Number of protein chains: 2
Amino acid sequence: MDKFYTITELTREFGVSTRTLRFYEDEGLINPERRGRTRLFRPADRRLIQEILRGRRIGFTIAEIREIIKVYKDPPGEMGQLEMLMQKVSEKREDLRQKRRDIEETLAELDNVEEACLTRLAEIGVGT
Amino acid sequence: MDKFYTITELTREFGVSTRTLRFYEDEGLINPERRGRTRLFRPADRRLIQEILRGRRIGFTIAEIREIIKVYKDPPGEMGQLEMLMQKVSEKREDLRQKRRDIEETLAELDNVEEACLTRLAEIGVGT
DNA sequence: GAGAAAATTGACTTATACGTAAAAGTCAAT
DNA sequence: ATTGACTTTTACGTATAAGTCAATTTTCTC
């Protein structure tokens, strides 16, 4: 066992470029092992990449994603830092809830756009 | 009546800079009237800005926002264009639904992060 | 109608998140 | 030993979405 993935396997699975995964490594988000110079991605790396991409899709910056990841690896030991972190979590939560509202509203708007299209299509269709 | 807003009123309300609003005008997203050179924003402009910012928050590009806005002002007259538009609407919808899923998952994860923080705080607290 | 405050413009700069090109290394199979 | 497919590193390039700055107007306020 002890399965690992090559970089291209993962690029194919997730639809990103090798450059992107190397960039994430440079930024300290993932730390694949090496055999010689070649990167070996473990399942844990793969899961991490999933998380990174999810964060990316909802508009987190690399820095923000890095912070979230850090908590798992290395939960801070100082009270002050913990409190700061929880503060940030609160903010993120509010941020995400706002985004969710934005999405709901925009989905509703897309319905309107579609309606408008259909109406217009019907208008045109009658004339032909 | 016939209320209008100055640019700074709106920057204050929405927390953006004047440069940003001018940028949106340059990009053709809004079209405030002028008295001399000074921009006069009507309620309709204000609502448009709200829409733009909402689109921005969920990660639409300026070009995408412009397209959505255009449909209201000027619904396309050609069938081909209408169908293309509806295609795009479908894609956006899928995109937004994916984002909504991402948000739900990330919110759940933030709960975990918070848990971890609280646990850690408790551990530290006992020692003091 | 003078001076302060606000608004405009254009040119330049910035940050993020990669893209791209070049040159060399890796490795398995022939 | 060579081929071919893939990978690595380094370095520079690019698009998006504004921000910054400085030099003018323009508009309020008294």
Side-chain angles (χ1 to χ4, degrees), chain A residues 3-42 45-46 48-70 92 95 99 102 106, chain B residues 2-42 45-46 48-70 92 95 99 102:
Chain A
K3 168 81 176 150
F4 56 84
Y5 309 87
T6 71
I7 196 169
T8 28
E9 277 173 348
L10 293 181
T11 62
R12 275 178 199 140
E13 175 172 2
F14 295 121
V16 298
S17 69
T18 57
R19 183 69 188 81
T20 299
L21 295 184
R22 289 188 199 112
F23 173 72
Y24 291 157
E25 186 179 5
D26 284 349
E27 291 294 315
L29 300 184
I30 48 181
N31 245 49
E33 298 169 31
R34 301 288 177 120
R35 182 178 53 199
R37 294 179 151 190
T38 305
R39 292 164 177 81
L40 296 183
F41 293 81
R42 296 307 182 91
D45 296 311
R46 186 173 160 282
L48 214 44
I49 291 171
Q50 281 183 307
E51 269 202 59
I52 294 167
L53 297 178
R54 194 168 67 209
R56 187 180 77 165
R57 281 195 299 271
I58 56 184
F60 283 174
T61 67
I62 296 295
E64 289 172 319
I65 293 171
R66 183 167 32 222
E67 270 189 85
I68 292 179
I69 285 174
K70 228 175 72 181
K92 283 287 149 244
D95 190 273
K99 272 190 182 160
D102 290 331
T106 307
Chain B
D2 237 33
K3 167 83 175 145
F4 57 82
Y5 309 87
T6 71
I7 196 167
T8 29
E9 278 173 348
L10 293 182
T11 61
R12 274 180 200 137
E13 176 172 2
F14 295 121
V16 296
S17 71
T18 58
R19 196 71 191 81
T20 298
L21 294 184
R22 289 187 202 112
F23 173 73
Y24 290 155
E25 185 180 7
D26 284 348
E27 292 293 315
L29 300 184
I30 49 181
N31 245 50
E33 296 168 31
R34 300 287 177 124
R35 182 174 54 199
R37 292 182 155 189
T38 304
R39 293 164 177 81
L40 297 182
F41 292 82
R42 296 308 182 90
D45 296 312
R46 187 174 159 282
L48 214 44
I49 292 171
Q50 280 183 308
E51 270 203 58
I52 295 167
L53 296 178
R54 194 168 68 208
R56 190 179 76 164
R57 281 195 298 271
I58 56 184
F60 283 174
T61 67
I62 296 295
E64 289 172 321
I65 293 170
R66 181 167 32 220
E67 271 189 83
I68 292 178
I69 285 174
K70 228 175 71 181
K92 283 286 149 248
D95 192 272
K99 273 188 182 163
D102 289 331

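Labels below follow one simple rule: chain letters A, B, ... track the order of the sequence lines, proteins then strands, and each chain is numbered from 1. The structure displayed is predicted, hence computed values, not measured ones.
Distance B:R34 CZ to D:dT27 C1': 15 Å, rounded to the nearest Å. Summarising the geometry, the separation between CD1 on A:I49 and C1' on C:dA17 is reported as 16 Å, rounded to the nearest angstrom. The interatomic distance linking A:I52 (CD1) with C:dC18 (P) rounds to 10 Å, in whole Å. Residue B:L40 contributes atom CG, which lies 11 Å from atom P of C:dA7 at whole-angstrom precision. Spacing between atom CZ of A:F14 and atom P of C:dC18 amounts to 14 Å, rounded to whole angstrom units.
Listed here is the closest heavy atom pair of B:D45 and B:P32: OD2-CA, 3.8 Å. Scanning both residues, B:T8 and B:T18, for their nearest heavy atoms gives CG2-CG2, 4.3 Å. The two residues B:I69 and B:L29 come nearest to each other via the heavy atoms CD1-O, 4.1 Å.
The backbone N or O of A:T61 lies less than 3.5 Å from a partner atom in the side chain of A:E64, making a donor-acceptor pair. Checked by atom type and distance alone, the side chain of B:R66 pairs as donor or acceptor with a backbone atom of B:E27 at under 3.5 Å.
Base pairing of D:dC21: its partner is C:dG10, meeting the Watson-Crick or G-U wobble criterion (both donor-acceptor distances under 3.5 Å).
Each of C:dG25, D:dT7, C:dA17 was ranked by its minimum atom distance to the side chain of A:T8; first place goes to D:dT7. When distances run from any side-chain atom of B:T38 to the nucleotides C:dT9, D:dT27, D:dT8, the shortest one goes to D:dT27. Of the candidate nucleotides C:dA7, D:dT8, D:dC28, C:dA7 has the atom lying nearest to any side-chain atom of B:I7. Closest approach to the A:R56 side chain among C:dC18, C:dT9, D:dC28 is made by C:dC18 (side chain taken as heavy atoms from C-beta onward).
Of the residues in residues 17-30 of chain A, those with a non-hydrogen atom less than 4.0 angstrom from any atom of DNA chain D are A:R19, A:R22.
At D:dT9, one or more side-chain N or O atoms of A:R39 fall inside 4.0 Å of OP1 or OP2 (strictly under the cut-off). In terms of phosphate contacts, A:T6 brings a side-chain nitrogen or oxygen within less than 4.0 Å of OP1 or OP2 of D:dT7. Contact annotation: A:R37 side-chain N/O to D:dT9 OP1/OP2 distance is not under 4.0 Å.
Judged by distance alone, the side chains of B:S17 and B:T20 do bring a donor and an acceptor atom under 3.5 Å apart.
At a threshold of 4.0 Å, the pair A:R34-A:E25 counts as salt-bridged, since one of the basic side-chain nitrogens sits closer than that to a carboxylate oxygen.
Nearer the 5' end of DNA chain D, as judged by each residue's closest nucleotide, is the contact made by B:A63, out of B:A63 and B:R35.
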